[in-house]
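Heads up: the structure comes next, in structure tokens.
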There are 2 protein chains.
Amino acid sequence: MKPILPEGHLAAWRRYYPSFWRILAAIEADLAAAGLPSLSWYDALYELYLAPGRHLRMNELARSALLSRSGLTRLVDKLEKEKLIERQACPSDGRVQHAQLTDKGVEQLRKMWPVYRAGIAKYFAAHLTDAEAAQLEKSLGKVATAMEPPREAGD
Amino acid sequence: MKPILPEGHLAAWRRYYPSFWRILAAIEADLAAAGLPSLSWYDALYELYLAPGRHLRMNELARSALLSRSGLTRLVDKLEKEKLIERQACPSDGRVQHAQLTDKGVEQLRKMWPVYRAGIAKYFAAHLTDAEAAQLEKSLGKVATAMEPPREAGD
DNA sequence: GGAAGTTAGTTGCATACACAACTAATTTTA
DNA sequence: TAAAATTAGTTGTGTATGCAACTAACTTCC
């Protein structure tokens, strides 16, 4: 097996990988220090916030929030207990549950965003020029798009 | 709180974040499918491989391998049980343990690398031109360098 | 040199997550 | 329409990880 992995690309990966982990840990620490829940809560709430009607099926939410379905079930349990979302049975398909963002959920997003934004600014954006950010967005956009539909069947 | 986070930088973050998670999940799946251990094993073994004498203190290894000290202790337990590393008491300081890479550990790295490399190539590098990879390396290098010493005391 | 403080590593405990097995509901097939 | 296959979500179980508390060893300070 000899895949095409030029030195320069490997060097990029060797920056990409640890930078992400360290930024993530720093942001999580900031959230925890502010008495706020973790980024996985934010991700799920934010995906619902973006969705039309502010609701998604569990399956869709799992995909957007980068979780397995079982992981999503547990996360939704916690979010529902905090009344940040509500489970709603789908009238047209008895198997489907919708996760519906509540006003309290929107409020939680508003509380978390300043801390999250500050973390992105401090740990990530502060080190990039406008041009670099634009270039990064373009390059990683291609990567992200390619990975987007995490189907199991071969491409 | 109004940190400097221009739109373009936020857009870059919104690509960076999910692209990383998805690539990581794909690579981990490939490793598991090949009957190999996870990336955290690779990271730890590789850091030891790079270190002079192929050994590091637990503390140093925890930092390089992006783990908490307790997490590292548990990981080293497992690596040692597989004889991929050995714990060695430091002669000059009785508190210190060194993790020493064994030949079997080097062998494990050699088994994992082709799968890991193929994942990097397929999920990451394939979508980037040489110029983009170079630019990414430079930009994320600045980010990574800034995050590098994860000290707890305020900057 | 001995008490107090610091440092390195480990262990107890709690949490977050994935995979596989399960249940229930829908769709397909004959 | 009844059986088989598929799909959505949940639950059982195992694993990885972090934080806080702990132990042991070194350093500092008087």
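This is a predicted model, so every value here is computed, not measured. Note on naming: letters A, B, ... go to the chains in the order of the sequence lines (proteins, then strands), and numbering restarts at 1 for each one.
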Please tabulate, for side-chain N and O atoms in residues 102-109 of chain A, each donor-acceptor pair with protein atoms closer than 3.5 Å (sequence neighbours left out).
residue, atom, partner, partner atom, Å
A:T102, OG1, A:K83, O, 2.7
A:T102, OG1, A:L84, O, 2.9
A:T102, OG1, A:K104, N, 3.3
A:T102, OG1, A:G105, N, 3.0
A:K104, NZ, A:E82, O, 3.1

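- If you check every strand for non-hydrogen atoms under 4.0 Å, A:S40 touches sugar and phosphate atoms only.
- If you take CD of A:E28 and C1' of C:dC17, they are 13 Å apart, rounded to a whole angstrom.
- D:dA16 atom P lies 11 Å from atom NZ of B:K81, rounded to whole Å.
- Going from atom CG of A:L72 over to atom P of D:dA8 covers 13 Å, rounded to whole Å.
- Atom CG in B:L79 sits about 15 Å away from atom C1' in D:dT17, given to the nearest Å.
- Salt bridge B:K138/A:E132: present, at least one basic N to carboxylate O contact under 4.0 Å.
- OP1 or OP2 of C:dG9 has at least one side-chain nitrogen or oxygen of B:N59 nearer than 4.0 Å.
- Within the 4.0 Å cut-off from OP1 or OP2 of C:dT15, not a single side-chain nitrogen or oxygen of A:K78 is found.
- Judged by distance alone with a 3.5 Å cut-off, a donor-acceptor contact links the side chain of B:S70 to the base of D:dC19.
- Counting to the nearest Å, the P atom of D:dT10 and the CE atom of A:M58 are 4 Å from each other.
- Rounded to a whole Å, the CZ atom of A:R69 is 13 Å from the C1' atom of C:dA24.
- Taking atom CD of residue B:E60 and atom C1' of nucleotide C:dA8, one finds them 11 Å apart after rounding to whole Å.
- Out of D:dA8, C:dT26, D:dT11, the shortest distance to the side chain of A:D93 is found at C:dT26.
- If you take CD of A:Q97 and C1' of C:dA24, they are 11 Å apart, rounded to a whole angstrom.
- You'll find the ring centres of B:Y46 and B:W113 outside the 6.0 Å limit.
- Here B:R95 does not reach the OP1 or OP2 of D:dT23: none of its side-chain N or O atoms lies under 4.0 Å away.
- The shortest distance between the side-chain N/O atoms of A:R87 and the OP1/OP2 oxygens of D:dT10 is below 4.0 Å.
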